[in-house]
Protein chains: 2
Amino acid sequence: MPERPTRDRILDEAVDLFGFRGVEAVSLDEIARAVGVRKQSVLYWFPSKEALVAAVLDTVADELVVVITAAIRASDDDPLVRIDAVIRAVFGPAVRRPALLGLVRELGRLDRELVERLRSRIAPLVEACVAYLELEMERGRLRRADPRLVAALAYATVTGIATEPEALETVGWSRDLAGLRRLRDELRGFLRAALAP
Amino acid sequence: MPERPTRDRILDEAVDLFGFRGVEAVSLDEIARAVGVRKQSVLYWFPSKEALVAAVLDTVADELVVVITAAIRASDDDPLVRIDAVIRAVFGPAVRRPALLGLVRELGRLDRELVERLRSRIAPLVEACVAYLELEMERGRLRRADPRLVAALAYATVTGIATEPEALETVGWSRDLAGLRRLRDELRGFLRAALAP
DNA sequence: CAGGTTCTCTACCAAGTGGTAGACGGACGC
DNA sequence: GCGTCCGTCTACCACTTGGTAGAGAACCTG
């Protein structure tokens with residue numbers, strides 16, 4: 001049976017381990033063991049730990065770009081419905097694979113260069129969202145506000161929910177899938193209420 | 001001159017270093033150097049790294065409990081004003097000392113026991129907030145909703161903003177103090193709009 | 001002064017870290 | 001057959017980690 005290529009399996013385990021436990025806390029050896037291979041094989045595919053981290057971030061960026069782009073292109077014309085779609089889209093990967101957005105937690109602790117690289121890939125999406133919000137606000141179909149502020153706030157909330165389920169547990173909230181979904185729906189309701197013209 | 005006690009200075013540096021860079025990423029030696037003392041002195045005051053982490057979490061809990069309790073007791077009767085005060089209160093320590101709430105990021109990676117201990121200290125506050133929301137909803141002074149849901153959502157947003165300024169930078173938002181304040185104010189506006197009866 | 005307590009120090013340890021050098025074995029084209 | 005990649009391996013390196021043992025200085029109290 002043609003197993004999945006070692007490189008992919010390494011990348012896969014790295015996303016989960018880095019996301020759940022933090023980049024610095026996870027050793028190459030641990031990743032290797034999870035894959036069922038020796039550490040030196042990991043270093044064969046990724047010449048250094050930093051290179052592995054970079055590859056992991058690229059994976060995340062790929063997933064986010066695909067998902068959000070699709071949501072932005074949603075056919076519905078109503079801006080409220082469209083915003084709804086983007087929120088749901090961002091939550092998709094986060095709920096299916098918590099470690100993915102869990103990596104967001106690592107951004108402040110990684111090399112500036114790596115972060116800058118990720119940012120340059122996401123920036124166009126953010127700009128598109130901001131421009132869209134602005135357009136609809138001018139048209140009067142959304143309440144007037146600083147569109148960048150709204151985007152940043154929504155982003156912060158989504159990452160706050162998606163990347164900190166343990167923190168939510170601390171305030172007595174269930175971190176399971178149903179709990180996250182209810183939270184997401186509430187957020188959507190909030191946004192509708194706040195942005196309706 | 002009677003310097004501040006070594007123990008306090010260690011605790012102080014530990015809060016910052018753990019908060020900004022992560023518990024696993026910071027070594028006892030690094031903390032010791034920041035204080036201007038040898039690693040073994042740190043181990044004298046805190047018999048193990050885990051003990052130091054526990055002490056740090058206690059510090060955080062102390063600060064949060066004081067600040068939030070004061071805000072809940074705010075004299076104003078209007079629930080919207082009161083909620084406003086709590087949001088501002090939670091943001092206070094976060095803005096003055098980002099590392100404090102930055103520690104929230106670590107919760108999912110720490111010993112369950114340590115997290116449970118922190119949780120048991122914060123839980124009463126959360127319950128008080130939830131109970132208050134419920135009361136005002138029943139009185140009809142707030143829009144009907146699941147109070148626990150509202151609390152969790154607000155909490156997620158606050159931590160999302162306060163603990164992930166770097167992530168916000170990724171979407172093109174300024175992480176400086178003014179930027180955080182504007183974001184906080186926008187959040188307060190959102191909450192008012194969404195909770196007004 | 002003596003005797004104990006409090007605090008920080010030097011010296012050391014076993015275990016684990018990211019990374020290098022190079023051997024081994026199997027699959028391939030010739 | 002034979003050389004040549006490719007992928008994984010063993011062996012090793014210098015360095016850092018959390019933690020232990022115990023010396024020694026500075027301080028009290030008698």
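Quick note: numbers below take in every heavy atom, side chains included, and nothing from hydrogens, waters or symmetry partners. Below, read A as the first sequence line, B as the second, and so on, with proteins coming before strands; counting in each chain starts at 1.
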Write down the protein N/O and nucleotide N/O pairs, taken from nucleotides 23-27 of chain D, whose separation is under 3.5 Å; answer none if there are no such pairs.
none

Using the 3.5 Å cut-off, write out each protein N or O paired with an N or O of nucleotides 4-8 of chain C and the distance between them.
| residue | atom | partner | partner atom | Å |
| --- | --- | --- | --- | --- |
| C:dC7 | OP2 | B:Tyr44 | OH | 3.4 |
| C:dT8 | OP1 | B:Thr6 | OG1 | 2.4 |
| C:dT8 | OP2 | B:Trp45 | NE1 | 2.6 |

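Counting atom types as modelled, A:Lys39 pairs a side-chain N or O with a base atom of C:dG19 as donor and acceptor under 3.5 Å.
Shown here for A:Phe46 and A:Ala55, the closest heavy-atom pair between the two residues is CE2-CB, 3.7 Å. The shortest non-hydrogen separation linking B:Asp84 to B:Val81 is CB-O, 3.1 Å. In terms of heavy-atom proximity, B:Asp185 sits nearest to B:Arg188 at OD1-NH1, 2.6 Å. Of all the heavy atoms in A:Gly19 and A:Leu103, the pair that sits closest is N-CD2, 3.8 Å. Here the closest non-hydrogen pair linking B:Leu142 and B:Ile83 is CD1-CD1, 4.1 Å. Closest heavy-atom contact between B:Arg143 and B:Met137: O-CG, 3.4 Å.
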(request) Test side-chain contact (heavy atoms from CB on, under 4.5 Å) on B:Leu11 and B:Trp45 and set out the steps. (result) CA-CA 10 Å; B:Leu11 219 39; B:Trp45 289 106; over 6 Å; no
Sequence neighbours excluded and cut-off under 3.5 Å, please list the side-chain donor-acceptor pairs for residues 87-94 of chain A, or say none.
none

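One finds the CG atom of A:Asp8 at 9.0 Å from the OG1 atom of A:Thr59 (value rounded to the nearest 0.5 Å).
Under a 4.0 Å N-O distance rule, the pair B:Arg117/B:Asp111 does not qualify as a salt bridge. Ion pair A:Arg82/A:Glu136 not flagged as a salt bridge, since none of the NZ, NE, NH1 or NH2 atoms sits closer than 4.0 Å to an Asp/Glu carboxylate oxygen. Salt bridge A:Asp62/A:Arg121: present, at least one basic N to carboxylate O contact under 4.0 Å.
Helical stems involving DNA chain C, defined as 3 or more consecutive Watson-Crick or G-U pairs under 3.5 Å, span C:4-27 with D:4-27.
Atom C1' of nucleotide C:dT17 and atom NZ of A:Lys49 are separated by 8 Å, given to the nearest angstrom. Here C:dG18 presents its C1' atom at 12 Å from CD of A:Glu24, a figure rounded to the nearest Å.
If you check every strand for non-hydrogen atoms under 4.0 Å, B:Val26 touches sugar and phosphate atoms only.
A salt bridge (charged side-chain N to carboxylate O under 4.0 Å, His left out) check over residues 35-51 of chain A, counting only residues at least two apart or in different chains, returns nothing.
Residues from residues 27-36 of chain A placing a heavy atom under 4.0 Å of any atom in DNA chain D do not occur.
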